[in-house]
Every structure is written in C-alpha cells, then in structure tokens.
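Just below is one structure, and these are the notes that go with it.
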Number of protein chains: 2
Amino acid sequence: MSQEFTRGATLKDVAEKAAVSISTASRLLDDRHASKTTETARRVREAAALLGYRRDYAASSLRRTGTSTIGVLVPRLSDAVMGIFYEEIARECERRDLSALVATTGDDPHRLRLAAQSLLSRKVDGLVLTTARTDDDFIAELRSAGVPHVLALRTDGISPSATTDDELGGYLAIRHLADLGHRRVGIVAGPTYASSATMRLAGARRGMLESGLDIDEELFAGNGFSVEAGEEAAGRLLGLPRPPTALFAFTDHSAIGAMTAAARRGLNTPGDVSIVGYNDIPLARHLPTSLSSVRVSLDLIAQGAVRLLLDAEEGSRVFPPTMIPRQSSARIRPV
Amino acid sequence: MSQEFTRGATLKDVAEKAAVSISTASRLLDDRHASKTTETARRVREAAALLGYRRDYAASSLRRTGTSTIGVLVPRLSDAVMGIFYEEIARECERRDLSALVATTGDDPHRLRLAAQSLLSRKVDGLVLTTARTDDDFIAELRSAGVPHVLALRTDGISPSATTDDELGGYLAIRHLADLGHRRVGIVAGPTYASSATMRLAGARRGMLESGLDIDEELFAGNGFSVEAGEEAAGRLLGLPRPPTALFAFTDHSAIGAMTAAARRGLNTPGDVSIVGYNDIPLARHLPTSLSSVRVSLDLIAQGAVRLLLDAEEGSRVFPPTMIPRQSSARIRPV
DNA sequence: CTGTTAGCGCATTCAA
DNA sequence: TTGAATGCGCTAACAG
C-alpha cells in the first residue's frame, strides 16, 4: 500500500519486465490506437498493470502534440449553474480519458485573458468557455490565433458553440405566464453583454407581442444574473405605479431575488405576483414556494461542447429548453 | 496578437536574445532563489518579458522535484460551499504562483480513490481534501504512503487540517435559539461520517444541556447535507406529536429544505418555527425570509489549508464561526 | 511489428 | 558566476 502513491513505475520498468524495448512498450500502451491483441501486447499490458504503471502526462505531453487536457473558463464556481456545468464537463472528460482544468474569471475581460493564458501555458488542447461577452473581442483573438475553442451557454454567433435555445426559453416563459392570464409581465433581465440574456430577452419580447401583453419599456429592468441584481430590479418593477402581476427572471438566482423583493413589499408569491426563473437548478424545486423555471440540459450542453471541441465537428449545437411549471406561477387573481 | 497564444518562446529563445547560455537563463529565471540584481539577470528578465516567455510546467516538472500544482478534492462543485471554497483555494494558489486542480468525488470512497490517483498521477505536490470520512481509512493510507496532504472543513483528528470550530458553531446556534426563548429545538443533523456534522451535533448537545432545553432523542433527525435531506428530516420533526418550535440545520441547504418542509405543513418561518442554518452562503441573506446562519470564513480556511500544505507548518488551524441572526429565527410566540 | 536513435523544454550536475 | 553536458520520461521517425 505504501508504494501505491509513490512515484510509480516508469515505462522503462514496464519494458524490462515485459522484455521488450521502451518504444515498443510505449506504442503498445498508446490508447489512441486500437489496442492490439498480440501476445506481446498482452504481456506489456500485464506488466504495466502489475507494476501499477501510469503514464507521466508531463513527460508524455512534451513529445505528443496534445496533452489530453482541456481548459474550462467560467465566470465563477460559486454559481450552481457553473458548478454543475463544470462537473458535467469533467464527467465527459473522464469518459474520454481526458482531464479538465478550470479557471474562474469573475466575468472580467482582463481576468479572462490572464486565466486563458494560464491555461494555455499548461498546453491544454482546447478551451471551453462560458464567458463570451459581446462587448469584448477576446473570442475573436482566440479565433485569429487559431486556438481551438468552443463556447458554451453563451455564444458570439461565430465560434462553435453549445447552448440552449435561449430565445425559445424566453418565449416559453412568457407564454406560460400569458396562459395563466397575466397581461402585465415584468422582465428581470440580465447583462446585455451576455448572448444568453439578450436571446432570452428577444424571446420574451416575441412572446409578449404574440400574446398581446403590455409592452411598456418600464417593465424591463435589471442587468445582472445574481440574487442581488434580481432583488434590486424586481423591487423597482414592483414599485411601479402600475406594477406587473408576474415577473420573468433570467436566472433562478435572480428569480429568488425577485421573490425576496416581493416578500419585502408584503407581496405573496404566487398570490400577488407570479415568478418564473431560468435554468432549473436543483434548488428551484425545493424552495418553500417551489420555483417555476425553464429547464436547461447542462449535461447535454457540456457533452456537446466537448464533442465540438475534440471531435472536429462543425457548427453549433442548440438544445431546446423546457418550461417547468411549479408553485411560484399561478393563474392571475381575479380582480 | 496572433502570436500571443501560439506556443510561446522557449528558454532557448530567451537565452539567445539575452546572449547567455540556456542554463544561465534558467538559473536567473528561477523564482525559488532570491532574484538576482546583476546586469545579466536584468537582461535575461527583459528578454523573457519581451518574448512573453512562460515556463513550460510540463518540461520543468520533469526535472524539478515538484510541479507547483496542488490537487483539491471536494464532494461536489454544485454545492455553493464547495464552489466558494475551491475559488478561495485557487485564489490563494494564484497569489503564490501555483496552480490548482480540482476533482469531485460525490463523497464516495471509491471515487475518492480514483480521483486522488488521477491527481497524483499528474504529480501534484500535495492534496487538499474536504472529503474526510470517519468510516473510511483513505486518509490513513495517504499518511502511511507519505503523500503530503491537508484536510479542510472536515478532519479525521490526525492529519493536519484547517477547519472551523464546528463544536462552537453548533453551540452558538443553539444558544441563539435558546436566547429567543425556544425550549424545544429540533436538530436537522448531517451524515455521521463527517466530522463537521458530528462536531456540530456535539456542540448543539452541549448548548441544549447548558440552556436546559428538551433533549428528546426524537428531536434529532436527518443524515444528509442536501436540501432534500433537510426537507425530509424537518418534515419528520415537525410531524412529531410535540413538535419543536425551532430547527437547527447543519447546512444552509438543509435549512432551506427545512423551511420548505415547514411551508408544506402550513407553518410560517419564523412565526411558527424558527430556523437556523450553517455556513452562511451568499444566498442565505437574500432569501425571501432571510436565513439566520452560522458564518464560516471559507477564505481563511482555504488560506490556512494551503499554508499548512506548503509552508510545512505543523498541526491544525481552527477558525471560530460567528452566529448571524436574520429573519428566520425569532422570539418564540407566546402561547 | 520491433528496436534504435533522437530530442521535446527544462534544471541540474560539473568544470571552467 | 557562467556554459557544456546530461538526462528527467516519454514519443516520433526511422530502419530493420
């Protein structure tokens, strides 16, 4: 046991034990080619197993083209969506016998560059980033530098990406509220630099138009994904002279903030104001007033992203979201 | 710009530019020794900066003893506590010009071993783990194998660790509720394999004893950290013939589950039942009914852990928690 | 299919 | 203090 962790056997040891040359051992142990079934191959694998041989990635990557490692950039890991997303990426990597490195950027362009540099200096084979900002040209820089990358959750419309259909998601949320009889729906929007937010907004507008809802510009507020941002924006909306009877928030966290803002004003959810969130994080269904939300398949998006990055697939993947109604949205109260 | 990401300059390039040998450049750029102030040193650093030289960690670690990388093992990243903890670890590593690798284990002993192997095979200099289980001897194996490691948030009582004083935290939570006049407090406990949970329990018991609260064994329920676990356990407690007037949950998530269980039974928080959580995640203060919670300094714990691991400090660090009262806990209603 | 040779980028001998 | 030489563990190019 005490040997189990100590710097393991090297290729040389394996080669000796199997009575072959080092390069033969190397070749026979290379998982990239179809694993051979010859007697020698069996012997080498047996020797490797016996000695507990594990390839030294550092040394290996020195000669190989790639490192079998991908880099993942997210705004923050304290956000459940990003945490789950990264876990799914890591899971997919594990399946493919790769590893993943994460770095957080705080959604700050400067920190993004630093973090990407740091990842790249570790020679990752490619980057998955959920940090695309329409007001920053970092993604364009990656493209022109020829760095393999794929966007996830957010897109810049050019680089390959794996996203949910945010326009549809926004549309579904509004349709759901309209179906419940709401005519005046407030939008707790997200940052304009994120495509996810602008697409949700576009979908919401389409839904409002189609369903003949009020489209006052004063019904649109907010520019963040956080609980605080949601609370602040919802507070303003609910303080309007003609307040909305329902709110659509662009994340579950900002929806929780919206619930809080409502509660602070003595309004019940859904009695006085219906609320719909986005992402359907696990917490949503377990809240005291369970949260209606637009579900996004983070696992599919993560798998799609890895596939786009490594399997040289073209274009982008867009996965459809689903509206999950729960307690927080209800039929409008007859006045 | 398009060169910025391409495989950067090597030591050889720097050496040429500075008109010195490769080995001189290597030595002068070695951050482990006091940075020299000679003219040559300046020239080498300037050349390095000009070329955007970044040490190749893979190659470097082939010769150096260490890799300047530490491995972090957490149960899951979708949990806000772990997400924040890892971010703090990563921040501290950045300060020290190290990097960190994370892996999740799902709190499963088998996956823990696999993940640790995977990290170790990447030759990390040491391990930070928040996954200690009293019913598993993996930590003991690490010790006997001589793998540098430090425990965080949970401890096994032997290996060096950075934790909060969970016993005190449990005590403070109960004292807080007792001070509000509650005599019958239900405990939404955590898994018995986690020292954090057993210590909180011990502290809670001490508080109950000291404050003369009811100590029925039926007031203790639950064995998980999740929202679901909290909801389930709180549901049982609140269904008791003589239900508690307050609940102390061992995590904020299980406290939210407890709030949900209360709501499902038509009970108001804090009107009918007061609730206190643990960890004070950012969400706690922003809930519709803001959650009273025991605050833990994840940043200090993270820094302490890295310090213990790398600065060869001895023993363990225990940081004191703080009780943060909010809306979810209130004076008991006069009957 | 096999073994020999060369070298990835770097840090460390050692001799100057 | 410097530079030449050596090799970390591994893979790729080559010849057998």
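Chain identifiers are assigned alphabetically (A, B, ...) following the order of the sequence lines, protein sequences preceding nucleic acid strands; residue numbering begins at 1 within each chain.
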Between its two end axes (five pairs each) the helix from dC1(C)-dG16(D) to dA16(C)-dT1(D) turns, nearest 10 degrees, through 30°

Sorted by chain and residue number, the salt bridge (charged side-chain N to carboxylate O under 4.0 Å, His left out) partners of Glu88(A) (sequence neighbours excluded) come out as Arg91(A)

Applying salt bridge (charged side-chain N to carboxylate O under 4.0 Å, His left out) to Glu39(A) and not counting sequence neighbours gives Arg42(A)

The contact string for nucleotides 10-16 of chain C, one letter per nucleotide 5' to 3', using protein heavy atoms under 4.0 Å with B, S and - for base, sugar-phosphate only and none, comes out as BBB----

Under 4.0 Å between a side-chain nitrogen and a carboxylate oxygen: does that hold for Asp13(A) and Arg54(A)?
no

For residues 97-107 of chain B, tabulate all N or O donor-acceptor pairs below 3.5 Å that involve a side-chain atom, not counting sequence neighbours.
from: Ser99(B); atom 1: OG; to: Arg122(A); atom 2: NH1; distance (Å): 2.7
from: Ser99(B); atom 1: OG; to: Arg122(A); atom 2: NH2; distance (Å): 3.1
from: Thr105(B); atom 1: OG1; to: Asp107(B); atom 2: N; distance (Å): 3.0
from: Asp107(B); atom 1: OD1; to: Arg154(B); atom 2: NH1; distance (Å): 3.2
from: Asp107(B); atom 1: OD2; to: Arg154(B); atom 2: NH2; distance (Å): 2.8
from: Asp107(B); atom 1: OD2; to: Tyr193(B); atom 2: OH; distance (Å): 3.3

In whole angstroms, the gap separating C1' of dT1(D) from CD of Glu39(B) amounts to 14 Å

Here the side-chain hydrogen bond (donor to acceptor under 3.5 Å, both in side chains) pairs for residues 296-309 of chain B, sequence neighbours left out, are none

Contacts of Tyr57(A) and Val20(B) projected onto DNA chain D by closest heavy atom; the upstream (5') one is Val20(B)

Looking only at heavy atoms, the pair that brings Leu120(A) and Val124(A) closest together is CD1-CG2, 3.7 Å

Between CG of Leu51(A) and P of dG9(D) the distance, given in whole Å, is 14 Å

Among the nucleotides dT2(D), dC8(D), dT4(C), whichever has the atom closest to the side chain of Leu62(B) is dC8(D)

Describe the nucleic acid contact of Thr38(B) in one word from base, sugar-phosphate, nothing, applying a heavy-atom distance below 4.0 Å.
nothing

Salt bridge Arg43(A)-Glu46(A), side-chain N to carboxylate O under 4.0 Å
no

Do Arg64(B) and Asp125(B) meet the salt-bridge criterion of a basic N to acidic O distance under 4.0 Å? no

